[in-house]
Amino acid sequence: MRKVLIGVAAAAIAVAAVVLGAVVVDYGSSIYAEYRLSCSVRKAANLRSDPFVAIVAFPFIPQAMRHHYNQVEIKANAVDHATVGKATLEATMYAVDLTHASWLIEPVAKLPVGKLESRIIIGSTHLGRYMGISDLMVEAPAKETNTATGGVTASGISDSHGLVFSGTPHSANFEHRVSVSVDLSIAPDDQSTLVITPTGVLTGADTADQAVPDDKRDAVLRAFTTRVPNQRLPFGVAPKTEGARGSDVIIEGISYGVTVDLDGFKQS
């Protein structure tokens, strides 16, 4: 009986070792594929550093053998931007066809994609500098800040109406921090231009709680009014949603059945 138990234990250990080895090989292959794709995006899009890449797949090797990745995520932080200085670029690709590309995706690869989500993210610091409001803070509409995602889309992006912009509008000769309700939209004459339109001064809880005299109100609202050009989404996707996530302004677009060239990741 003892010999039988020893044999069973040895067999179990051997099976466990094989399984563990397979997991290690699969994980290592995934990590290497992500590294190669990151390098390819950096080279093709002329980025200063390797972006974050995730190939969402477990097990990974069967997907690679089928020449099909279920989901691929690319995120590049602090990318040079002609208008706001720095921006974050994100793309999430679903149903990526590798039939005409290697599982180690090269810079020149063309990738048919079933669904493509594309985002450009502008931090409040860089947006504030562009607007001339050095202490700008951005918040989602108050009615949405307690939701599980912090927003109304699957990506956690708030509605485009009623965002709270807080800062000191020096250009209005008003040296007090104020909070203003703003709406975001895409310019009808240029889909790469974000339009920021203030709708009123806010006071009370969760605001700067600073009233603005009537003779200063128009000037203060003008200080929060602007157009931000060159907001071209990765891979040229048309914008669909504008809003906030955390203290960032985000523009997002979704396309279906497109073919992606990696050099299109950075558009501005």
Side-chain angles (χ1 to χ4, degrees), residues 17-82 85-123 154-157 230-239 245 248 250-268:
V18 171
V19 171
L20 179 61
V23 170
V24 170
V25 170
D26 188 86
Y27 183 70
S29 299
S30 174
I31 292 295
Y32 185 60
E34 290 171 344
Y35 164 72
R36 288 287 298 271
L37 176 55
S38 178
C39 292
S40 292
V41 174
R42 176 182 180 178
K43 180 178 180 180
N46 195 29
L47 303 177
R48 289 182 177 270
S49 60
D50 292 346
F52 166 81
V53 167
I55 300 174
V56 184
F58 184 81
F60 168 79
I61 291 175
Q63 288 196 35
M65 293 178 66
R66 291 196 303 269
H67 306 290
H68 178 99
Y69 290 152
N70 290 340
Q71 181 177 338
V72 175
E73 300 175 357
I74 305 171
K75 180 176 181 179
N77 295 308
V79 176
D80 291 338
H81 191 278
K86 298 287 183 182
T88 295
L89 305 178
E90 291 184 354
T92 304
M93 299 180 282
Y94 300 90
V96 182
D97 185 355
L98 303 175
T99 302
H100 302 293
S102 167
W103 67 282
L104 299 175
I105 300 173
E106 299 295 332
V108 296
K110 294 183 180 295
L111 305 174
V113 174
K115 177 183 177 182
L116 172 60
E117 298 174 353
S118 181
R119 290 172 287 275
I120 185 167
I121 303 169
I122 312 168
S155 303
I157 302 173
N230 296 319
Q231 303 308 305
R232 297 180 180 87
L233 302 186
F235 303 118
V237 176
R245 187 174 67 193
D248 299 327
I250 303 181
I251 308 170
E252 180 181 63
I254 300 176
S255 292
Y256 297 88
V258 297
T259 297
V260 166
D261 292 290
L262 296 185
D263 62 358
F265 180 70
K266 183 177 183 292
Q267 296 278 318
S268 296

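For the numbers below, each heavy atom of this structure counts, side chains included, while hydrogens, waters and symmetry mates do not. Counting begins at 1 with the first residue of the sequence. All of these numbers come straight from a predicted model, not from anything done at the bench.
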Looking at side-chain heavy atoms only, is the closest gap between [X] and [Y] below 4.5 Å?
X: Phe265; Y: Ile74; result: yes
X: Trp103; Y: Tyr69; result: yes
X: Gln231; Y: His81; result: yes
X: Val79; Y: Lys266; result: yes
X: Ile251; Y: Leu233; result: yes
X: Glu73; Y: Gln71; result: yes

Working to the nearest 0.5 angstrom, can you tell me the gap between [X] [atom1] and [Y] [atom2]?
X: Leu116; Y: Tyr94; atom1: CG; atom2: OH; answer: 10.0 Å
X: Cys39; Y: Glu34; atom1: SG; atom2: CD; answer: 12.0 Å
X: His100; Y: Thr259; atom1: NE2; atom2: OG1; answer: 9.5 Å
X: Leu89; Y: Ile120; atom1: CG; atom2: CD1; answer: 5.5 Å
X: Arg232; Y: Ser118; atom1: CZ; atom2: OG; answer: 13.0 Å

Under the side chain to side chain contact (heavy atoms under 4.5 Å, CB included) rule, what do Val237 and Ile254 come out as? Steps first, then yes or no, please.
CA-CA 7 Å; Val237 176; Ile254 300 176; 5.7 Å; no
Tell me whether Arg245 is salt-bridged to Glu90, with the criterion being a basic N under 4.0 Å from an acidic carboxylate O.
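A salt bridge is present here (some side-chain N lies under 4.0 Å from a carboxylate O).
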Pairs under 3.5 angstrom only: tabulate donor-acceptor contacts from the side chains of residues 46-65 to other protein residues two or more places apart or in another chain.
| unit_1 | atom_1 | unit_2 | atom_2 | d |
| --- | --- | --- | --- | --- |
| Arg48 | NE | Asp80 | OD2 | 2.5 |
| Arg48 | NH2 | Asp80 | OD2 | 3.3 |
| Asp50 | OD1 | Arg42 | NH1 | 3.4 |
| Gln63 | OE1 | Asn70 | N | 2.8 |

Side-chain polar contacts of residues 105-114 - donor-acceptor pairs under 3.5 angstrom, sequence neighbours left out - could you list them?
| unit_1 | atom_1 | unit_2 | atom_2 | d |
| --- | --- | --- | --- | --- |
| Glu106 | OE2 | Arg36 | NH2 | 2.6 |
| Lys110 | NZ | Asp261 | OD1 | 2.8 |

Just one of Thr92, Thr88, Asp248 clears the side-chain hydrogen bond (donor to acceptor under 3.5 Å, both in side chains) bar with Arg119, so which one?
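Only one of Thr92, Thr88, Asp248 forms a side-chain hydrogen bond (donor to acceptor under 3.5 Å, both in side chains) with Arg119, namely Thr92.
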Provide the closest heavy-atom pair for Ala82 versus Asn230 in the form atom of the first, atom of the second, distance.
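Between these two residues, the closest heavy atoms are CB-ND2, 4.3 Å.
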Residue pair Lys115, Glu117: steps toward the salt bridge (charged side-chain N to carboxylate O under 4.0 Å, His left out) verdict:
CA-CA 7 Å; Lys115 177 183 177 182; Glu117 298 174 353; 3.5 Å; yes
